[in-house]
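Counting convention: from 1, in listed order, for ligands and their atoms alike. For reference, positions follow the sequence shown, starting with 1.
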Amino acid sequence: MLPDLVIGSGPAGVSVATALLARGRRVVMLDGGKDLPPEAEARRGALAATPPERWREDQRTAWQAGQFDAAGSEVRRFGTGYAMEPAEATFAATDGLALRASLAVGGLSNYWGAAMLPYRQSDMGGWPISEADLAPHYAAVLDFVPMAGVTDALAPLFPAVPMAGRSPIPPGPQARRALSRHYPSDRFHLGLARQAVASGCTGCGMCLHGCPWRLIWSARQQVARLRQQEGFTHRPGPPVLSISETGNAATVHLADGTSVEGARVYLAAGVLGTAPILLRALDLPDLVMRDSAQGFLPTLQLARTDAAPDRMPFHTLPQMFAELTDPAVSPQTVHAQLYGWNEYYERDLRTNYGSKLPFAGPLWRTLARRLVVAQIFLHSDHSASARLALAPDGRLQAHVLKNPETWGQLKRAATAMGGHLRRAGLQPLVFALRAGAPGSGFHAGSTLPMTRNPGPRQSDPLGRPVGRQRLHVVDASVLPAIPATTITLAVMANAHRIGAYNPG
Ligand SMILES: Cc1cc2nc3c(=O)[nH]c(=O)nc-3n(C[C@H](O)[C@H](O)[C@H](O)COP(=O)(O)OP(=O)(O)OC[C@H]3O[C@@H](n4cnc5c(N)ncnc54)[C@H](O)[C@@H]3O)c2cc1C
Ligand code: SF4
């Protein structure tokens with residue numbers, strides 16, 4: 001019997017593969033195969049072998065240099081950019097779209113921020129699946145993904161993922177102070193962030209440069225676990241170009257001219273990896289991708305905290321989540337991730353204002369220690385989208401379709417959130433609100449949205465495009481919309497749901 005083929009080893013790919021194996025299917029996983037270069041792995045190992053209190057300053061600086069040296073919106077971790085493709089590898093023209101693809105084992109989860117929330121039923125209006133349909137699959141995914149957090153003010157909003165029995169990464173002094181001052185409101189909910197981080201955090205503060213202990217989960221870890229399982233084969237290699245199907249088999253066509261046959265294909269190449277495959281396989285002129293717009297609202301915590309936020313132990317992942325459920329602002333949830341001190345704040349202040357106030361070094365340091373930045377996300381209804389087509393050379397050609405309401409909506413959300421944050425002792429600097437470029441939040445998808453009665457450019461609730469029986473698209477491409485709350489946990493649950501279903 002033919003195996004099932006999974007294209008992609010990111011969060012969506014490992015989730016669908018885990019579900020298929022649990023059903024007794026044989027699975028061959030194909031991906032771009034890029035992995036952490038050996039010299040970077042050696043640097044990581046050396047750091048992890050020493051407790052962070054004993055690291056030398058030059059070791060810290062060297063670990064951070066890779067990211068600090070990265071150009072523009074490029075992201076690096078572990079000192080290398082291997083897990084994020086440069087714009088020109090994916091696009092003939094980006095038109096300002098900041099989303100990037102990955103050809104790595106584990107995909108973009110090698111670099112992600114690890115913030116995790118499920119979707120809320122109220123943000124899934126008109127979807128062919130419900131929060132209840134996803135609930136068992138959140139549980140299945142969280143069997144292999146660690147989730148740090150607690151039951152707090154956010155719990156009633158997200159019943160699909162109960163937090164009982166979980167432990168948080170110890171919050172920093174800024175979050176401790178804000179949370180101790182916050183009082184409940186039915187339109188604003190502030191709580192500790194939930195992150196995909198395993199227990200044992202040393203508080204070394206290197207989260208934005210790659211965790212030396214690999215405590216920040218990446219799908220690469222699940223690929224390694226699946227490799228130990230019978231019936232699973234990992235086949236890194238040339239990229240997939242297209243997929244065809246006959247009556248009882250599906251064929252994946254690779255860039256080197258070879259092909260692989262399977263019973264079914266589960267396509268999880270990430271939104272930008274999946275789009276060109278779909279454009280070729282379905283012979284479509286274009287696809288429209290939806291984005292969840294993001295903006296940055298700086299706030300100042302003027303009161304002193306009980307400890308310096310830049311003294312170990314501390315972490316630089318999101319410290320708090322804030323959810324605005326105010327119909328006067330949006331019918332959908334507005335989500336924010338609040339970041340306490342990190343080593344970028346002082347650098348950014350110096351870069352932007354240093355030439356005007358050259359002797360103000362200590363001021364920037366003091367200011368940086370008081371900053372808490374809210375990264376605000378909007379639902380895709382309020383955000384830009386992008387038309388994706390194939391350029392003659394096979395890369396993508398993007399055309400950004402701006403949404404005239406995005407900036408106004410972002411300002412309304414920041415003003416309303418800012419009012420609530422002020423009561424938690426965080427003074428919002430709404431005049432300094434900054435919008436991110438489309439795609440820069442990496443919460444994007446919906447190119448082939450699931451619907452009950454699919455037409456062209458849509459898929460059925462099992463991610464199958466019209467006319468295809470053996471091709472299931474399982475990554476964010478099939479989300480009917482992009483809610484503001486974090487994307488990856490819901491994508492994983494949905495991929496697991498599709499893989500768990502026995503189509504006969
Ligand atoms: C800096 C950053 C921070 C982020 N922070 C968060 C966060 O805090 N919370 C959150 O929810 N999300 C976050 N994200 C988004 C998150 O990383 C993605 O949602 C997630 O990785 C998507 O998973 P995926 O499996 O669909 O695709 P990807 O992770 O992109 O994986 C794609 C896979 O497909 C393979 N592939 C691609 N093209 C081909 C091809 N043609 N042929 C064969 N294989 C192919 C790749 O090798 C890879 O294995 C962040 C992303 C970034 C970059
Ligand atoms: S602070 Fe961040 S990088 Fe350091 S151990 Fe904890 S999770 Fe890893």
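For the pair Arg214 and Phe78, the cation sits on the ring face: its NZ or CZ lies under 6.0 Å from the ring centre, inside 45° of the axis.
At a threshold of 4.0 Å, the pair Lys34-Glu85 counts as salt-bridged, since one of the basic side-chain nitrogens sits closer than that to a carboxylate oxygen. For Arg76 and Glu74, the salt-bridge test passes: some basic side-chain N is under 4.0 Å from an acidic carboxylate O.
Looking at ligand 1, you won't find any N or O of Ile7 less than 3.5 Å from one of its N or O atoms. Between Val240 and ligand 1, an N or O atom pair is found at a separation short of 3.5 Å. For the pair Asp31 and ligand 1, the shortest N or O to N or O distance does not fall below 3.5 Å. For a threshold of 3.5 Å applied to N or O pairs, the pair formed by Ala114 and ligand 1 contains at least one separation below that value. The N/O atoms of Ala115, backbone and side chain alike, include one that comes under 3.5 Å of an N/O atom in ligand 1. At under 3.5 Å, not a single nitrogen or oxygen of Met84, backbone or side chain, sits near a nitrogen or oxygen of ligand 1. Taking only nitrogen or oxygen atoms, main chain and side chain alike, Gly32 reaches within less than 3.5 Å of ligand 1. Not a single N or O atom of Val75, backbone or side chain, sits closer than 3.5 Å to an N or O atom of ligand 1.
Given atom 27 (O) of ligand 1, the protein heavy atom at minimum distance is Gly270 CA, 3.3 Å. Annotation: atom 25 (O) of ligand 1 to nearest protein heavy atom, Ala12 N, 2.9 Å. Considering only non-hydrogen protein atoms, atom 23 (O) of ligand 1 sits nearest to Pro11 CD, 3.2 Å. Remark: minimum distance from atom 39 (C) of ligand 1 to any protein heavy atom is reached at Leu103 CD2, 3.7 Å. When only non-hydrogen protein atoms are considered, atom 52 (C) of ligand 1 lies nearest to Phe442 CG, 3.7 Å. If you check which protein heavy atom lies closest to atom 14 (N) of ligand 1, you get Trp112 CB, 3.9 Å.
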Can I get a per-line list of side-chain donor-acceptor pairs under 3.5 Å for residues 169-178, giving both atom names and the distance, sequence neighbours left out?
{"unit_1": "Gln174", "atom_1": "OE1", "unit_2": "Trp341", "atom_2": "N", "d": "2.8"}
{"unit_1": "Gln174", "atom_1": "NE2", "unit_2": "Arg369", "atom_2": "O", "d": "3.1"}
{"unit_1": "Gln174", "atom_1": "NE2", "unit_2": "Leu371", "atom_2": "O", "d": "3.2"}
{"unit_1": "Arg176", "atom_1": "NH1", "unit_2": "Pro171", "atom_2": "O", "d": "3.0"}
{"unit_1": "Arg176", "atom_1": "NH2", "unit_2": "Asp306", "atom_2": "OD1", "d": "2.8"}
{"unit_1": "Arg177", "atom_1": "NE", "unit_2": "Arg304", "atom_2": "O", "d": "3.4"}

Distance-only check: which donor-acceptor pairs under 3.5 Å involve side-chain atoms of residues 265-280, not counting sequence neighbours?
{"unit_1": "Thr274", "atom_1": "OG1", "unit_2": "Ala269", "atom_2": "N", "d": "3.2"}
{"unit_1": "Thr274", "atom_1": "OG1", "unit_2": "Gly270", "atom_2": "O", "d": "3.2"}
{"unit_1": "Thr274", "atom_1": "OG1", "unit_2": "Asp475", "atom_2": "OD2", "d": "2.6"}
{"unit_1": "Arg280", "atom_1": "NH1", "unit_2": "Leu241", "atom_2": "O", "d": "2.9"}
{"unit_1": "Arg280", "atom_1": "NH2", "unit_2": "Gly394", "atom_2": "O", "d": "3.2"}

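Of all the atoms in ligand 2, the ones that sit under 4.0 Å from a non-hydrogen atom of Phe314 are 1 (S). If you number the atoms of ligand 1 from 1 as listed, the ones under 4.0 Å from a heavy atom of Asp475 come out as 26 (O). Within ligand 1, counting atoms from 1 as listed, the ones closer than 4.0 Å to a heavy atom of Gly8 are 33 (C), 34 (O), 35 (C), 49 (O). Within ligand 1, the atoms closer than 4.0 Å to a non-hydrogen atom of Gly113 are 3 (C), 4 (C), 5 (N), 6 (C), 7 (C), 8 (O), numbered from 1 in the order shown. Close contacts between ligand 1 and Ser9 involve ligand atoms 33 (C), 48 (C), 49 (O) [criterion: under 4.0 Å to a heavy atom]. Applying the 4.0 Å criterion to heavy atoms of Tyr111 picks out, from ligand 1, the atoms 1 (C), 2 (C).
Using a 4.5 Å cut-off on side-chain heavy atoms (C-beta onward), Phe144 and Thr18 make contact. With a 4.5 Å cut-off on side-chain heavy atoms, Ile487 and Ile482 count as touching. Between Arg194 and Leu154, the closest side-chain pair of non-hydrogen atoms falls below 4.5 Å. In this structure the side chain of Gln228 never reaches within 4.5 angstrom of the side chain of Leu226, judged on heavy atoms. Counting only heavy atoms from C-beta outward, the side chains of Asn110 and Arg77 never approach each other to under 4.5 Å.
Looking at Ser9, its side chain does come within 3.5 Å of a backbone N or O of Gly106 through a donor-acceptor pair.
In this pair, His234 and Phe232 present their aromatic rings parallel. The plane angle is below 30°, not in the 30 to 60° band. Using a 30° and 60° split on the angle between ring planes, Phe68 and His209 fall in the perpendicular class, above 60°.
For the atom pair SG of Cys211 and CG of Leu47, the computed distance is 10.0 Å after rounding to the nearest 0.5 Å. In this structure, CG on Asp4 lies 7.5 Å from CZ on Arg264, to the nearest 0.5 angstrom.
Closest heavy-atom approach to atom 20 (C) of ligand 1 among the candidates Val14, Val491, Thr488: Thr488. Of all the listed residues (Gly273, Gly107, Ser102), Ser102 holds the heavy atom that lies closest to atom 46 (C) of ligand 1. Summarising the contacts of atom 29 (O) of ligand 1 with Asp35, Leu108, Val271, Leu241, the nearest heavy atom is found in Leu108. In this structure, of Pro239, Ser242, Ala104, Pro236, the residue bringing a heavy atom nearest to atom 47 (O) of ligand 1 is Ala104.
Under the rule for a side-chain hydrogen bond (donor to acceptor under 3.5 Å, both in side chains), the partners of His137 that lie at least two apart in sequence or sit in another chain are His496.
Counted by atom type alone, Thr333 and Asp123 present one or more donor-acceptor pairs between their side chains at under 3.5 Å. Side-chain contact of Gln294 with Ser440: a donor-acceptor pair under 3.5 Å is present, judged by distance alone.
Of all protein N, O or S atoms, those under 2.8 Å from atom 4 (Fe) of ligand 2 number 1.
When heavy-atom distances to ligand 1 are checked against a 4.0 Å cut-off, Ala268 comes that close only through its backbone atoms N, CA, C and O.
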